[in-house]
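What you are looking at is a predicted structure, and each value in this text was computed from that prediction instead of being measured. Quick note on labels: first sequence line is chain A, next is B, and so on, each numbered from 1.
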Number of protein chains: 2
Amino acid sequence: MPAITIDEIARLAGVSKTTVSRVLNNKPDVSQQTRETIMALIEQYDFHPHALAKAISLQKSQSIGLIIPHEAQYIFSNPFYVEVMRGVSTEVDRLGYYLLICYPHSQNYVDIYKQKRVDGFIILSPGSLHKNIFKSLYDAEAPFISTSMIPDEKEMVYVDVDNKRGARLAMEHLISLGHRRIAFIGKPRLASSIERLNGYRETLQEHGIAYDDNLVMISGDASISGGCSAAHEMLRRANPTAFFLVNDLLAMGAIKAIQESGLNVPRDVSVIGFDDIPLSECIYPPLTTIRQPAFEKGVRAARLLVQYLEKKKKPKSQLLDVDLVVRNSTAAVRS
Amino acid sequence: MPAITIDEIARLAGVSKTTVSRVLNNKPDVSQQTRETIMALIEQYDFHPHALAKAISLQKSQSIGLIIPHEAQYIFSNPFYVEVMRGVSTEVDRLGYYLLICYPHSQNYVDIYKQKRVDGFIILSPGSLHKNIFKSLYDAEAPFISTSMIPDEKEMVYVDVDNKRGARLAMEHLISLGHRRIAFIGKPRLASSIERLNGYRETLQEHGIAYDDNLVMISGDASISGGCSAAHEMLRRANPTAFFLVNDLLAMGAIKAIQESGLNVPRDVSVIGFDDIPLSECIYPPLTTIRQPAFEKGVRAARLLVQYLEKKKKPKSQLLDVDLVVRNSTAAVRS
DNA sequence: ATGAAAGCGCTAACAC
DNA sequence: GTGTTAGCGCTTTCAT
């Protein structure tokens, strides 16, 4: 049987659909009597208003698109991003919206917006190489929030952490342990990585330690195995006493490489990561890292977007805190 | 400016919207001439048909709901489930559908269906304790595919692996290495876990090894730390020479517990997991496990659902392969 | 307090 | 080949 509609309910109640609509949306101007009759009917016939018909009438889909600008593989295999996604989806749900996953291929996200399938977007930690995405979003006048800050994108609303500060926290920690030959392994073209490199350089400089190009590497593959091979190469070419890696997965790879080289972490070489994914305290040795609130990042992004949509004006970007989490992968430099 | 509509395009082209609709949907019965004019106009005005209006007219939302019946935390923190989700979302996208994340709280998934927001569902690895979900889905006549088989749910279409066979593979491996005191650590009320326990028992029996209740445990917390504490307790109470755990996360926890007890894996105790998440080959020692095709599971589920929706008849359930992946966490029993 | 009617943007059966 | 018209299910303005 075709689902029952508002017209049917109206007919059964002997009223117009206007009145039913009023009841449906808890509007005033309906007698208690009528309201009850209608509610009973709604209950009885298990009537559910057609969401799309409602959306088309209200000109609001009540849906939000989550744009995954990177390779899905890359995003889904890093627990940090997955946790941000969880935050986004949980909060979007809580706020009474629906979340649509959007990949940049196939159906273009802008088309999805122009088709009115979503009211706005959250874009998951894009980098500078995604400027074309921002541009098309602006051109379409689509509201969106980014979960990473992008330099020179002054218009963009984002939720992020102070990456430079996080890096400084990491570096201060290592330097206070006596390390001076500190390797940095980053990711290509991501503002977060670049900011962390800046923090790395500044902290070195403040402590009078010369910056050495050989100690800096960019790994295209930001996974455990990427970290492992990068660290192997670094070990060979620059003999650092400590590693600072821009995420925990890379750090886990580095630990592996160091161990494979017959060295001990942290006795021979210290390792510090970034993110503090749950895994990091489970590995051996438990990883010292910079914690950033992944779930909260997603939650905030969702809230900001909904605020954007409902107040119809751009909210302010937000910066969340980072913390140093000391575990056992870092120790005083070997004398 | 409000987005341009089909009426506008029709007016500009001096034709009826029927004709424009024909062009939009690549239907016949339009002269080449007219078609080109209209297409030019569509291009020029960057016209995108309103997806919801279309959906309402076609009585098809072109969207699929992904139901996450468990705690989101539990699902998102296990790379296996995340990979299934990636498979689902990738294939759904490829097939020209949209994926909506549905949590069982707040807005009920059945309501989402009745509101016509989705055409059907994929339910992510539910267990027997989710029978009420299936029931409500059946009652609503909502098409859905499960990514796990549930005993006694004969009507249900699912994509799964042969869990019992996987368990037998694991057990044959351990037994062939000489182990006889093999601990089993499972999860509560999940068919997959129960089937694996059945495989465990049967294999023991076939090899004339007595089943010992003390060697079997169910861990409510199916994470690394859950595996760790369960294994600690198991070590204390039953002194097994090998562990079979129903997922890799638990197995990683077990390895940790064993190491914390001053024992060596695999020299003193062997450990085998299930799933083969990417992490498993990165830990120390690399984990021997039963591989199941997570991504493919998601892809198949998506395909099956779309087939279900488009042919309007229930497709057949599918069983995917499992394989034993031997790494370094298992070895011959110590004599 | 209630309803008639227009409007949201599209598709499709049927007529010409 | 093209248009007319009804229909999809809801909200809302404006009367009463």
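- Separating the CG atom of B:N26 from the P atom of C:dT11 is a distance of 12 Å, rounded to the nearest angstrom.
- Listed by chain and number, the residues in a side-chain contact (heavy atoms from CB on, under 4.5 Å) with B:Q292 are B:F80, B:V161, B:R196, B:F274, B:D275, B:K297, B:V322 (sequence neighbours excluded).
- Residue A:K60 is classed as having no contact, given no heavy-atom separation below 4.0 Å to the nucleic acid.
- Separating the CD1 atom of A:I4 from the C1' atom of D:dC10 is a distance of 15 Å, rounded to the nearest angstrom.
- Minimum interatomic distance between A:I150 and A:S128 (heavy atoms only, all atoms of both residues): CD1-N, 4.1 Å.
- Neither OP1 nor OP2 of C:dC8 sits under 4.0 Å from any side-chain N or O of A:K116.
- For the pair B:L58 CG and D:dG9 P, the interatomic distance rounds to 13 Å; values are reported in whole Å.
- Within 4.0 Å of A:S21, counting heavy atoms only, lies at least one base atom of the nucleic acid.
- Rounded to whole Å, the distance from CG on A:N25 to C1' on C:dT2 is 16 Å.
- To the nearest angstrom, C1' of D:dT12 lies 14 Å from CG of A:L24.
- Tested against B:R300, the residues B:V88, B:V159, B:I145 include a single side-chain contact (heavy atoms from CB on, under 4.5 Å) partner, B:V159.
- B:K135 and B:D139 are joined by a salt bridge, as a carboxylate oxygen and a charged side-chain nitrogen come within less than 4.0 angstrom of each other.
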Check nucleotides 4-8 of chain D against the protein and report each pair of N or O atoms closer than 3.5 Å, with its distance, or say if there are none.
from  : atom 1 : to    : atom 2 : distance (Å)
D:dT4 : O4     : B:T18 : OG1    : 2.8

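- Between the CD atom of A:E8 and the P atom of D:dC10 there is a distance of 11 Å, given to the nearest Å.
- Annotation for A:S61 and A:R117: closest pair OG-O, 3.3 Å, computed over non-hydrogen atoms.
- The aromatic rings of B:H70 and B:H130 stand perpendicular to each other, their planes meeting at an angle above 60°, with 30° marking the opposite boundary.
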